[in-house]
Structures are given as structure tokens and as C-alpha cells.
2 protein chains.
Amino acid sequence: MRFSLKSEYALLASLDLALHASASKLARTSDVARRTGAPAKFLETVLGQLRRAGLVESERGSRGGHRLALAPSRIGAGDVVRAVEGPDGVAVRPVRRRPAPGAAAGSVRALHHLWTEAERALAASLDGVSLEDLTRRVQESSGVPDFSI
Amino acid sequence: MRFSLKSEYALLASLDLALHASASKLARTSDVARRTGAPAKFLETVLGQLRRAGLVESERGSRGGHRLALAPSRIGAGDVVRAVEGPDGVAVRPVRRRPAPGAAAGSVRALHHLWTEAERALAASLDGVSLEDLTRRVQESSGVPDFSI
DNA sequence: TTAATTCCTACTAAGTCGATAGGGTTACTA
DNA sequence: TAGTAACCCTATCGACTTAGTAGGAATTAA
């Protein structure tokens with residue numbers, strides 16, 4: 001039930017662009033890869049998905065690179081996750097490949113409600129944090145040693 | 001990022017035991033399978049996991065079957081999910097197979113916090129609903145209790 | 001002893017994940 | 001206008017997970 005590593009890479013990359021790129025200064029894939037620890041070739045596809053989702057802009061050519069397409073305050077962590085995990089990226093409910101033949105309708109309805117509430121809670125948690133919030137946390141914690149595990 | 005169908009089957013089965021089994025009247029795997037729409041053989045393994053997690057009791061032999069090991073009010077949906085999805089069943093954060101070599105430590109810490117909050121929200125949502133709550137919803141939505149065997 | 005039932009181990013087809021490979025396309029610069 | 005640096009696209013791959021299936025051993029009531 002975990003998010004894929006792609007989500008972690010996408011968030012690290014978005015955060016990296018918020019910290020190291022601007023309208024005038026683009027960030028190269030290779031630099032983002034070095035700073036985030038993501039494989040460069042794999043990061044290419046991640047940045048492509050962020051671009052197609054409208055969260056990132058790019059310029060091709062010899063001085064090309066990437067930057068955020070919106071202000072960091074207008075991009076939520078949930079947006080980034082949905083961009084790479086697909087439209088149902090923060091969905092949680094199990095899916096039946098084959099339709100259920102004799103499943104008790106009342107119980108299925110009760111579970112439907114349970115899953116819907118769980119999805120709402122998860123989405124609210126991710127959507128409540130913007131890239132701006134994350135950059136602030138990074139800057140606040142910089143220089144402070146990490147005692148967490 | 002979805003829970004596996006096992007979680008749905010496990011919840012349907014638990015709910016089925018709450019509705020159709022008691023200390024004196026056990027429910028057979030085959031009957032639970034028929035009522036829930038789960039493949040009987042697959043349901044066997046699911047009930048086995050619920051039993052090993054201490055949520056379900058069973059009796060072997062010719063008049064054997066399953067019942068809940070605790071009152072429905074004392075079993076949360078999260079307990080059922082964790083029983084079949086494993087100890088990290090409601091975890092959400094991506095895992096790195098290989099350790100990250102050069103990942104920006106500050107950003108990773110900020111994401112660690114993000115994932116922790118998401119996991120807390122998801123777990124709280126699932127742990128906040130008991131099997132008793134679910135049975136009540138089932139009975140309310142059907143209007144008529146289900147006495148089928 | 002026989003029938004019914006749970007319990008256990010192993011196997012498998014299909015799908016997903018986390019990459020890697022090999023180029024094609026675009027645009028800046030000299 | 002040639003070279004080159006960068007983004008962009010498709011295909012492939014090994015490892016792992018999912019959703020079952022198969023076959024039987026152990027246990028108990030009748």
C-alpha cells in the first residue's frame with residue numbers, strides 16, 4: 001500500500017526546482033538528478049510527467065532545463081503525487097478485476113463508505129502541504145543536525 | 001497506491017462473521033465465501049491470517065468453522081487491514097531498495113514529515129471505524145436484517 | 001470409519017516497479 | 001550552418017507482488 005518511489009523522486013525534484021530554479025535560471029536534469037539522488041534517465045520521465053501535468057515548464061536546446069510552472073504556494077504535494085501516480089494516484093480502495101458475483105450488497109456499500117473516508121483523509125493530508133511549506137521546512141531544518149531515525 | 005483485494009475480502013469476511021457467526025454458531029469458509037463473493041480457496045488463507053492475528057477463532061473438524069475472537073466493537077477496520085497487509089499495512093511512504101547516495105538531506109527530512117502525517121491521517125481514518133460501526137451501517141442501509149445462512 | 005472441515009505448502013499467470021538502452025528532436029552557439 | 005547540449009520518446013528487462021489454484025495432511029463429529 002505504499003506510494004511508488006516515483007512520488008518521492010517527483011517531490012524531491014519539485015522541491016529542488018523551487019530551491020534552485022527560477023524564471024531566468026533553469027535547472028538541468030543532470031543537476032536535479034545529482035542533488036536528489038535519482039537516476040538521471042529515470043528522472044527524465046518523472047519530469048516529463050510533471051510537465052504534462054502543467055506543474056513544470058521546460059526549455060530545450062543547449063541552454064535548456066526545467067523550472068516550476070506555478071508559484072510554489074500554488075502547488076500541493078497531492079498535485080505532484082497525482083501527476084506521477086495517475087489520476088487515481090491517491091485512491092486507496094481495492095479494485096476487483098472481475099466483477100463480484102454474489103457479494104453482499106449492504107456490506108460492499110458499507111466498505112465503499114469506509115474507503116471513501118480514508119481517501120478523503122489521505123488526500124486532505126497531502127493537499128494541505130504546498131511546495132512552499134516544504135521549502136520552508138527545508139530551510140528551517142538546514143544546519144540543524146538530524147536526530148530522527 | 002491501492003490496498004489489495006485481500007483487504008476487501010478480509011473486511012467482508014470479518015463483517016460476515018459479525019453478522020452470521022457467534023460463540024455457539026460457527027460460520028464455514030464455504031458459506032463466508034458464498035456470501036462475500038470471495039474465492040473459497042483464497043478466503044482460506046485470508047481467514048488464516050486473521051486467525052494468526054488474533055482477530056478470529058476457528059474450530060477444526062466436521063462441525064468446524066470460524067467466529068470473531070473479540071467483540072465487534074473492539075475490532076477496528078485498521079486492525080483487519082494490518083492483519084492481511086502486514087505490519088506496515090497502512091504505511092504509505094515510498095521505500096528505497098538501494099540507499100540514497102546523494103539525496104539532499106534537508107528535503108528528505110521534509111518529505112519524511114509529510115509521509116508521516118499522511119500515514120497518521122490514513123490510520124486514524126481506518127482505526128476510527130469498528131466492525132460494530134460497519135454492521136450498523138449494513139443494517140441501516142438494508143432496512144431489514146439479513147437472516148440468510 | 002467415514003465425511004466434513006480447517007490447515008499447510010507449493011506453484012503459477014499476470015501485472016507492477018524501478019530502472020536501462022538507444023535513439024530522435026529541438027535549439028543555442030560558434 | 002555545423003556541432004553539441006539538452007529535452008523527448010519507445011521499448012525492454014529483471015525482480016517482485018498480486019490473486020489466485022492445486023493437492024493433500026490433520027482434526028473432529030457422527
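Computed over heavy atoms, backbone and side chain alike; hydrogens, waters and symmetry mates excluded. Just so we're on the same page: letters track the sequence lines, and every chain starts at 1.
- If you check every strand for non-hydrogen atoms under 4.0 Å, B:R2 touches nothing.
- Contacts between residues 75-91 of chain B and DNA chain C, counted as heavy-atom distances below 4.0 Å, involve no residue at all.
- Heavy atoms of A:S30 sit nowhere under 4.0 angstrom from any nucleic acid atom.
- Scanning residues 41-48 of chain B for heavy-atom distances under 4.0 Å to DNA chain D yields B:K41, B:F42.
- Contact annotation for B:Y9: backbone-only contact, meaning every heavy-atom pair under 4.0 Å involves sugar-phosphate atoms and none involves a base.
- Looking at residues two or more places apart in sequence or on another chain, you find a side chain to side chain contact (heavy atoms under 4.5 Å, CB included) between B:R67 and B:A21, B:L26, B:E57, B:E59.
- Side-chain contact between B:E8 and B:L5 is present, with heavy atoms from C-beta onward closer than 4.5 Å.
- Rounded to an integer number of Å, the gap from B:H66 NE2 to C:dT6 C1' is 7 Å.
- The ring-ring contact (aromatic ring centres under 6.0 Å, His included) analysis of residues 36-70 of chain B, with sequence neighbours excluded, yields the pairs B:Y9-B:F42.
- A residue-by-residue look at A:M1 and A:R51 shows that A:R51 has its nearest nucleotide of DNA chain D further toward the 5' end.
- Electrostatic pairing of A:E140 and A:R137 does not count as a salt bridge here, judged by no charged N lying under 4.0 Å from a carboxylate O.
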Give each protein N/O atom lying under 3.5 Å from an N/O atom of nucleotides 28-30 of chain C, with the pair distance.
none

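- Evaluation of the side chain to side chain contact (heavy atoms under 4.5 Å, CB included) rule for A:T116 yields A:R93, A:H112 as partners, not counting sequence neighbours.
- Taking A:D127 as the reference, A:R82 meet the side-chain hydrogen bond (donor to acceptor under 3.5 Å, both in side chains) condition, with sequence neighbours excluded.
- With sequence neighbours excluded, the residues that form a side-chain hydrogen bond (donor to acceptor under 3.5 Å, both in side chains) with B:S4 are B:E85.
- Extent of DNA chain D lying under 4.0 Å from chain B heavy atoms, first and last nucleotide in 5' to 3' order, is D:dA19 to D:dA29.
- A:A53 is linked by a side chain to side chain contact (heavy atoms under 4.5 Å, CB included) to A:L55, A:A83, counting only residues two or more places apart in sequence or in another chain.
- Using a 4.0 Å cutoff on non-hydrogen atoms, no part of residues 13-27 of chain A comes near DNA chain D.
- In this structure A:R60 satisfies the salt bridge (charged side-chain N to carboxylate O under 4.0 Å, His left out) test with no other residue, sequence neighbours excluded.
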